[in-house]
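See below for the structure under consideration.
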Number of protein chains: 2
Amino acid sequence: MMFNRETEYALRALVHIQLQNYDDRRPGGKEIAQETGAPYYYTAKILQRLVRQGLLCSLKGKGGGFYFDKGKPDLMIRDLILAIEGEKKITGCVFGLTKCDEKHPCPFHDQYAPIREAMARLVSGESIQSVAKKYFLNTVNGSPDKVK
Amino acid sequence: MMFNRETEYALRALVHIQLQNYDDRRPGGKEIAQETGAPYYYTAKILQRLVRQGLLCSLKGKGGGFYFDKGKPDLMIRDLILAIEGEKKITGCVFGLTKCDEKHPCPFHDQYAPIREAMARLVSGESIQSVAKKYFLNTVNGSPDKVK
DNA sequence: TTATTAAAAGACCTTTTTGTCTTTTAGTGA
DNA sequence: TCACTAAAAGACAAAAAGGTCTTTTAATAA
């Protein structure tokens, strides 16, 4: 609920794709939707948008599916959120002021600013790849967790 | 953008109401909408819902408007968010897992948990009243800030 | 080449959010 | 009492989010 459904579906789908990619497989939309507990057609639409935006790759036909270009740098969570929800999601003021800063603070500013910064650090410091690796370690020698 | 528009409008409206109340006045929907930069009819609808839910009071007719019951305890930000957006907004998992905790952590859990807790502390520790007082002090001996 | 597979594209639909407007009800002051 | 004021209620509508389906295109394997 921090992010909207589309972002949640995208996060789960991309982590699954990366995890499969590490194993030299390209999952298709059907598998991804199933594994992430998201509606198939909607998942497909979301991933197609990401492909068009150049954040993800895909291959048609038999043996096709979604994958990350190994030549490209890791996909930062921040860039994903920017692509789906826009910048205000990360930088916006809780009170809805278009201009909220030290000089013109909203009544929540002092307390919310560090939270917003922590969130910004999180999404700027982590990528689908770094997060997928964590998830992998977690599910392998820990809780046998499935999504949803 | 952290909260939805309705919550933002409500926050701004309620702070304005409390500020006026401190000055023994009951602002009407028109004034509130103007001061908070929100659409009049929508603001009215939102406030009416809050009145029905018992979080706010109102008086019809000449000299009427919205006000807080001085007999009641302060309206905590948390309760406002619960009334408008529901609990998941505060407690929900970023990855969208219905069950995300220490035992079954999503790949963001370790990093997001402290952020979520800080946010929970903020909304549980502050009320419209406490926030209004801050805003008052701020606008009086500081920036002559207007909303939006 | 043909059958099969899977993404791409885009139309379409439903629900939720956001916003507007009209009519009714309840107060106030003259 | 009467005029006026302002909230209450609820219908209505536009836009955005969420979701489904069909047709087309591209790739592969047989």
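In what follows, chains carry the letters A, B, and so on, assigned in the order in which the sequence lines appear, proteins first and then strands, with residues in each chain numbered from 1.
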(request) Let me know the distance between CD of A:E31 and C1' of C:dA6, rounded to the nearest Å. (result) 13 Å

(message) Reading DNA chain D from 5' to 3', where do the contacts with chain B start and stop? Cut-off is 4.0 Å to heavy atoms.
(response) D:dT5 to D:dA11

(request) Give the other cluster members for A:Y40, using side-chain heavy-atom distances under 4.5 Å between Ile, Leu, Val, Met, Phe, Trp and Tyr residues; answer none if it is isolated. (result) A:Y41

(request) Using a cut-off of strictly less than 4.0 Å between a heavy atom of the residue and any atom of DNA chain C, enumerate the qualifying residues of residues 47-72 of chain A by number. (result) A:Q48, A:V51, A:R52, A:S58, A:L59, A:K60, A:G61, A:K62, A:G65, A:F66

(request) Could you pull out all residues at least two apart from A:E87 that satisfy side-chain contact (heavy atoms from CB on, under 4.5 Å)? (result) A:L82, A:T91

(message) Using whole Å, what does the distance between atom P of nucleotide C:dT5 and atom CZ of A:R26 come to?
(response) 17 Å

(message) For residues 64-80 of chain B, which residue pairs pass the salt bridge (Lys or Arg N to Asp or Glu O under 4.0 Å) check, not counting sequence neighbours?
(response) B:D24-B:K70

(message) Counting primed atoms plus P, OP1 and OP2 as sugar-phosphate and everything else as base, spell out the protein contacts along nucleotides 12-17 of chain C at 4.0 Å heavy-atom distance: B, S or - for each nucleotide, 5' to 3'.
(response) ------

(request) Using the test ring-ring contact (aromatic ring centres under 6.0 Å, His included), find all partners of B:Y42 that sit at least two apart in sequence or belong to another chain. (result) B:Y9

(request) Starting at CD of A:E35, measure out to NE2 of A:H16 and round the result to the nearest 0.5 Å. (result) 5.0 Å

(request) Output every pair passing salt bridge (Lys or Arg N to Asp or Glu O under 4.0 Å) with a member in residues 111-129 of chain A, not counting sequence neighbours, ordered by first then second residue. (result) A:E126-A:K134

(request) Name all residues meeting the ring-ring contact (aromatic ring centres under 6.0 Å, His included) criterion together with A:F108; count only those two or more places apart in sequence or in a different chain, and write none if there are none. (result) A:F95

(message) Taking transitive links into account, so neighbours of neighbours count too, which hydrophobic residues share a cluster with B:L59 at under 4.5 Å side-chain distance?
(response) B:Y67

(request) Sorted by first residue and then second, give each side-chain hydrogen bond (donor to acceptor under 3.5 Å, both in side chains) pair with at least one member in residues 49-60 of chain B; sequence neighbours left out. (result) B:E6-B:R49

(message) Can you list everything that forms a side-chain contact (heavy atoms from CB on, under 4.5 Å) with A:E8? Sequence neighbours excluded, please.
(response) A:R12

